[in-house]
There are 2 protein chains.
Amino acid sequence: MPSRKKPRPTGEARRKQRDPRALSLVQTRRQHAREIAEDYAEAIAELIADRGEARVVDLAARLGVTHVTVHRTVARLQKAGFVSSRPYRAIDLTRRGRALATTSRSRHETVLQFLLSLGIPEHVANTDAEGIEHHVSPETLAAFASALKKSGL
Amino acid sequence: MPSRKKPRPTGEARRKQRDPRALSLVQTRRQHAREIAEDYAEAIAELIADRGEARVVDLAARLGVTHVTVHRTVARLQKAGFVSSRPYRAIDLTRRGRALATTSRSRHETVLQFLLSLGIPEHVANTDAEGIEHHVSPETLAAFASALKKSGL
DNA sequence: GTGTTAACGTAGCATAGGCTACATTTTGTT
DNA sequence: AACAAAATGTAGCCTATGCTACGTTAACAC
């Protein structure tokens with residue numbers, strides 16, 4: 001098969017990207033699919049750690065969506081190579097999925113601790129961290145970690 | 001008419017939200033539509049300031065999408081009361097749109113300056129700020145501003 | 001081993017945001 | 001005024017992420 005990847009724009013969309021700020025916006029949008037993968041990987045890893053396995057219903061409760069959404073998304077993540085699953089069975093992470101879960105979790109923790117170190121109340125920090133973590137580059141993450149270390153002395 | 005707003009989930013989705021972390025995730029997802037409104041409002045305000053008017057093509061170049069996407073989104077934002085537009089004319093912000101643009105712009109600036117104050121390189125900070133700004137609560141924004149003031153002495 | 005219930009899967013709908021291709025209107029040139 | 005080019009609009013397709021409603025399988029009680 002001719003490797004049916006998602007085709008990048010070739011017409012106006014490509015030609016018109018002259019404004020430098022557009023690049024950041026485009027990157028931010030591209031990031032979106034990965035956000036979901038990160039949230040799922042993190043949640044699956046957590047469920048496996050907590051209860052031994054990740055079931056569709058528990059994942060749904062953990063993520064605040066219906067089991068149908070979980071089912072479809074898991075199928076997509078399986079195609080993408082992050083999880084493995086068989087009908088009516090628990091969901092498992094692939095090696096790649098575990099790697100994603102690990103880095104996501106650690107990044108989440110750093111962002112959360114950093115926000116808390118600024119004096120932000122816990123419930124606010126939790127929600128903000130959830131939204132922010134997916135948009136934090138390695139450089140920014142390192143800066144957060146270093147600021148955290150300084151403040152923690 | 002019976003006020004056709006977007007209906008909130010009433011079945012499984014509502015019942016199953018027992019996990020506290022789910023709430024943050026649900027909120028983060030709900031935020032999504034507003035992100036676009038903020039990006040558009042900011043871009044439109046900027047174009048009007050820079051060239052006197054905001055045209056569909058310029059907006060498309062500024063946002064890194066095609067003019068078709070801009071056209072459809074502007075229609076949605078008009079329904080939502082953020083912009084006003086007439087066929088083949090420039091796009092204008094409503095009072096609400098201008099308010100959104102102002103707060104978005106100021107928040108963006110605070111986030112960006114805060115990242116820069118941590119020593120993050122400019123091009124990275126720009127991209128990260130673009131992604132992060134939409135997920136920063138008023139509390140966190142205040143914390144950023146206050147940290148910025150301290151560091152800026 | 002049968003039957004109920006909970007979990008899982010499937011069908012089908014809606015919204016939102018991308019795109020290309022093509023049609024129409026404005027704008028600007030000659 | 002007529003034409004060419006640029007801007008805008010429309011049609012139609014795709015993917016992703018939600019949902020409800022309903023069918024199917026597996027787990028568990030008895």
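Keep in mind that the numbers below use all heavy atoms, side chains included, and drop hydrogens, waters and symmetry copies. Order of the sequence lines sets the chain letters (A, B, ...), proteins ahead of strands, with each chain counted from 1. Please read these numbers as outputs of a predicted model, since none were measured by experiment.
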Qualifying residue, where the test is side-chain contact (heavy atoms from CB on, under 4.5 Å) with Ile44(B) and the options are Asp39(B), Ile91(B), Asp58(B): Ile91(B)
Atom-pair distance (CD on Glu53(A); C1' on dA6(C)), nearest Å: 14 Å
Any Thr66(B) side-chain N or O less than 4.0 Å from OP1/OP2 of dG18(C): no
Ile36(A) side chain, from C-beta outward: closest of dG9(C), dG18(D), dT20(C): dG18(D)
Whole-Å gap separating P (dG17(C)) and CG (Asp39(B)): 11 Å
For atom CG of Leu59(A) and atom P of dG18(D), their distance in whole Å: 12 Å
Sub-6.0 Å ring centroid separation between His32(B) and His32(A): yes
Nearest-neighbour nucleotide for the Arg89(B) side chain, dT27(C), dG18(D), dT8(D) considered: dT27(C)
Which residue lies more 5' along DNA chain D, comparing Tyr40(A) with His67(A) via nearest heavy atoms: Tyr40(A)
Leu100(B) vs Arg96(B) side-chain heavy atoms within contact, under 4.5 Å: no
N or O in side chain of His71(B) less than 4.0 angstrom from dT8(D) OP1/OP2: no
Per Arg76(A) side chain, nearest of listed nucleotides dA16(D), dC8(C), dA27(D): dA16(D)
Test: Arg29(B) and Glu35(A) ion pair at under 4.0 Å: no
Arg29(B) side chain near dT17(D) phosphate (N/O to OP1/OP2, under 4.0 Å): no
Gln31(B) CD - dG18(D) P separation (whole Å): 15 Å
Length of the line joining Asp58(A):CG and dA6(C):P, which is rounded to integer Å: 14 Å
d(CZ, Arg72(B); C1', dC14(D)) in whole Å: 11 Å
First of Val68(A) and Val68(B) reached from the 5' end of DNA chain C, by closest nucleotide: Val68(A)
Integer-rounded Å distance: dA7(D) P and Glu12(A) CD: 10 Å
Proximity to the side chain of Val56(B) - top-ranked nucleotide from dT25(D), dT8(D), dT20(C): dT8(D)
Nearest-neighbour nucleotide for the Val57(A) side chain, dG18(C), dG9(D), dA7(C) considered: dA7(C)
Length of the line joining Leu77(B):CG and dA16(C):P, which is rounded to integer Å: 10 Å
Heavy-atom side-chain proximity of Val136(A) to Val111(A) below 4.5 angstrom: yes
